[in-house]
Amino acid sequence: MRAQDGILRVAVPKGAIFEDALRSLSAAGLPVGVLRENDRRLLYPAEGVEFVICRPTDVPVYVEYGAADIGIVGKDVLEEGQPNVVELMDLGTGWCQMILAAPSERAEGVREAIRHAEVVRVATKYPRTARAYFEGMGRQAEIIALHGSIELAPLVGLADCIVDLTATGTTLRENDLTVLDEISTSTARLIANRGSYRLRNAEVAALAGRMQRDEARIG
Ligand SMILES: Nc1ncnc2c1ncn2[C@@H]1O[C@H](COP(=O)(O)OP(=O)(O)OP(=O)(O)O)[C@@H](O)[C@H]1O
Ligand SMILES: O=P(O)(O)OC[C@H]1O[C@H](OP(=O)(O)OP(=O)(O)O)[C@H](O)[C@@H]1O
């Protein structure tokens with residue numbers, strides 16, 4: 001485990017929230033100009049800080065274990081993984097919705113199957129979230145865990161429906177899927193390692209204080 005008294009290390013997610021994460025970190029005065037999303041270089045020492053670029057789902061892992069002091073990650077990932085980290089701030093960026101969806105032509109059938117407590121097959125990248133959603137309704141589901149392109153699964157008979165994220169709605173539309181239910185909404189969060197938060201509180205709190213929230217999406 002690394003000591004928490006060195007240079008602050010920040011985990012930055014590549015992908016959908018990369019640019020917004022850079023904007024937030026830049027607003028806090030961090031020198032993000034060195035970062036390149038698609039470089040093969042993954043560790044970026046900069047002035048007074050060090051950045052790591054990783055997959056979004058891995059950000060909380062680096063932060064929980066103290067390999068990074070702080071990081072930026074979607075609320076959806078936190079709800080799914082339940083990492084032991086401090087959630088410092090809702091940045092308001094990276095808005096998206098977790099939805100239940102099915103092929104439009106079979107949407108009514110899937111709705112009825114769920115209503116009659118039949119076991120439906122659900123493809124998702126978020127198995128815990130999907131299971132909790134069905135259990136919350138007193139329903140059972142067979143969860144098929146996938147890693148991407150979830151919308152494909154019900155089109156080829158791998159699943160009846162999906163639990164996945166939507167933002168613009170383009171992917172649902174392009175694949176003729178209908179939203180059956182809105183499960184939750186997600187925005188990007190600033191998270192901190194518990195030890196870093198305790199031992200470097202002034203530094204971490206000051207940094208969070210300088211970050212600008214995108215108020216439009218904060219409820
Ligand atoms: N279409 C979208 N528009 C805006 N934000 C999104 C969208 N899809 C996902 N997000 C948000 O951005 C985060 C990163 O999504 P992205 O699609 O880049 O990574 P991922 O492929 O889910 O992650 P991993 O590679 O670790 O599996 C998500 O956790 C979510 O909070
Ligand atoms: O509503 P939209 O704006 O179309 O965005 C929704 C898509 O974005 C995410 O996919 P991502 O880009 O992460 O690719 P993936 O399918 O490989 O996970 C999500 O899983 C949807 O597929």
Side-chain angles (χ1 to χ4, degrees), residues 10-25 35-40 42 51-65 67-68 70-83 85 87-104 107 122-130 132-133 143-156 158-159 161-191 211 213-219:
V10 183
V12 181
K14 56 170 74 175
I17 55 176
F18 179 76
E19 293 297 337
D20 281 332
L22 293 202
R23 261 189 288 280
S24 298
L25 295 167
L35 290 171
R36 297 282 174 271
E37 185 182 9
N38 296 316
D39 231 9
R40 290 314 299 161
L42 304 170
F51 299 101
V52 296
I53 297 187
C54 59
R55 286 180 64 161
T57 44
D58 291 339
V59 165
V61 182
Y62 283 88
V63 172
E64 177 171 347
Y65 285 89
I70 61 169
I72 292 178
V73 65
K75 181 70 175 173
D76 50 296
V77 172
L78 297 176
E79 286 188 343
E80 176 66 18
Q82 309 268 317
V85 297
E87 190 182 316
L88 289 174
M89 184 177 170
D90 183 348
L91 296 167
T93 52
W95 183 92
C96 49
Q97 276 187 313
M98 187 72 71
I99 46 93
L100 174 72
S104 302
V122 187
T124 188
K125 232 165 93 169
Y126 297 84
R128 188 194 287 207
T129 303
Y133 167 71
I143 308 290
I144 311 267
L146 295 174
H147 297 285
S149 303
I150 310 302
E151 292 84 355
L152 175 63
L155 304 184
V156 294
L158 179 59
C161 51
I162 62 169
V163 165
D164 196 23
L165 296 175
T166 181
T168 62
T170 307
T171 313
L172 292 174
R173 240 184 345 266
E174 292 284 321
N175 293 288
D176 202 8
L177 298 170
T178 294
V179 173
L180 298 179
D181 201 3
E182 291 170 3
I183 298 172
S184 57
T185 60
S186 173
T187 44
R189 307 299 159 107
L190 176 67
I191 59 171
M211 287 206 185
R213 295 165 186 259
D214 182 351
E215 298 289 349
R217 294 296 197 183
I218 296 174

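In listed order, ligands and their atoms are each counted from 1. Every value quoted in this text rests on a predicted model; they were computed, and no experiment measured them. In what follows, every heavy atom counts, from backbone to side chain, and hydrogens, waters and symmetry copies are set aside.
In this structure, the side chains of Leu78 and Val73 come closer than 4.5 Å at one or more pairs of heavy atoms. A heavy-atom distance below 4.5 Å is not found between the side chains of Val61 and Glu64. Under the 4.5 Å side-chain criterion, counting only non-hydrogen atoms from C-beta, Val63 is not in contact with Pro83. Between Thr129 and Thr124, every side-chain heavy-atom pair lies at or beyond the 4.5 Å cut-off. Side chains of Tyr133 and Val122 form no contact here, defined as non-hydrogen atoms less than 4.5 Å apart.
Every atom of ligand 1 is numbered from 1 in the order shown, and the set under 4.0 Å from a heavy atom of Lys125 is 20 (P), 21 (O), 22 (O), 27 (O). Taking every heavy atom of Asp76 and a limit of under 4.0 angstrom, the matching atoms of ligand 1 come to 28 (C), 29 (O), 30 (C), 31 (O). Close approach of ligand 1 to Gly15 is summarised as follows: ligand atoms under 4.0 Å from at least one heavy atom of the residue are 18 (O). Those atoms of ligand 1 that come under 4.0 Å of a heavy atom in Ile17, given as number and element, are 12 (O).
For the pair Ser186 (side chain) and Cys96 (backbone), a donor-acceptor distance under 3.5 Å is absent. Between the side chain of Glu37 and the backbone N or O of Gly15 there is at least one donor-acceptor pair closer than 3.5 Å. With hydrogens and angles disregarded, no donor-acceptor distance shorter than 3.5 Å links the side chain of Glu151 to the backbone of Leu172. For Asp90 (side chain) and Gly92 (main-chain N/O), a donor-acceptor pair under 3.5 Å exists by modelled atom type.
Of all protein heavy atoms, the one closest to atom 1 (N) of ligand 1 is Ala167 CB, 3.5 Å. Of all protein heavy atoms, the one lying nearest to atom 19 (O) of ligand 1 is Pro56 CG, 3.3 Å. Closest protein heavy atom to atom 8 (N) of ligand 1: Leu165 CD1, 4.1 Å. The shortest contact between atom 27 (O) of ligand 1 and any protein heavy atom is with Arg55 NH2, 3.1 Å.
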Give every pair formed by an N or O atom of ligand 2 and a protein N or O atom closer than 3.5 Å, one pair per line with both atom names and the distance to 0.1 Å, or write none.
{"unit_1": "ligand 2", "atom_1": "1 (O)", "unit_2": "Thr166", "atom_2": "OG1", "d": "3.1"}
{"unit_1": "ligand 2", "atom_1": "1 (O)", "unit_2": "Ala167", "atom_2": "N", "d": "2.8"}
{"unit_1": "ligand 2", "atom_1": "1 (O)", "unit_2": "Thr168", "atom_2": "N", "d": "3.1"}
{"unit_1": "ligand 2", "atom_1": "1 (O)", "unit_2": "Gly169", "atom_2": "N", "d": "2.8"}
{"unit_1": "ligand 2", "atom_1": "3 (O)", "unit_2": "Thr168", "atom_2": "N", "d": "2.9"}
{"unit_1": "ligand 2", "atom_1": "3 (O)", "unit_2": "Thr168", "atom_2": "OG1", "d": "2.5"}
{"unit_1": "ligand 2", "atom_1": "4 (O)", "unit_2": "Thr171", "atom_2": "N", "d": "2.9"}
{"unit_1": "ligand 2", "atom_1": "4 (O)", "unit_2": "Thr171", "atom_2": "OG1", "d": "2.5"}
{"unit_1": "ligand 2", "atom_1": "16 (O)", "unit_2": "Ser149", "atom_2": "N", "d": "2.8"}
{"unit_1": "ligand 2", "atom_1": "18 (O)", "unit_2": "Lys125", "atom_2": "NZ", "d": "3.1"}
{"unit_1": "ligand 2", "atom_1": "20 (O)", "unit_2": "Asp164", "atom_2": "OD1", "d": "3.2"}
{"unit_1": "ligand 2", "atom_1": "20 (O)", "unit_2": "Asp164", "atom_2": "OD2", "d": "2.9"}
{"unit_1": "ligand 2", "atom_1": "22 (O)", "unit_2": "Glu151", "atom_2": "OE1", "d": "3.3"}
{"unit_1": "ligand 2", "atom_1": "22 (O)", "unit_2": "Glu151", "atom_2": "OE2", "d": "2.7"}

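One option in Cys96, Ser186, Gly74, Ala188 has a heavy atom closer to atom 11 (C) of ligand 1 than any other, and that option is Cys96. The heavy atom nearest to atom 26 (O) of ligand 1, out of those in Val77, Thr57, Thr93, is found in Thr57.
For ligand 1, none of its N or O atoms has an N or O atom of Asp58 under 3.5 Å away. Residue contacts with ligand 1: Ala16 is placed with a nitrogen or oxygen under 3.5 Å of a nitrogen or oxygen of the ligand (distance criterion only). Ligand 1 has no N or O atom lying under 3.5 Å from any N or O atom of Lys75, backbone or side chain.
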*Decide yes or no on salt bridge (charged side-chain N to carboxylate O under 4.0 Å, His left out) for Glu80 and Lys125, but give the supporting numbers first.*
CA-CA 9 Å; Glu80 176 66 18; Lys125 232 165 93 169; over 6 Å; no
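Atom CZ of Phe51 has more than 12 neighbouring heavy atoms from other residues, nucleotides or ligands inside a 6.0 Å radius.
In the model, Arg189 has a side-chain atom that pairs as donor or acceptor with a side-chain atom of Thr187 under 3.5 Å.
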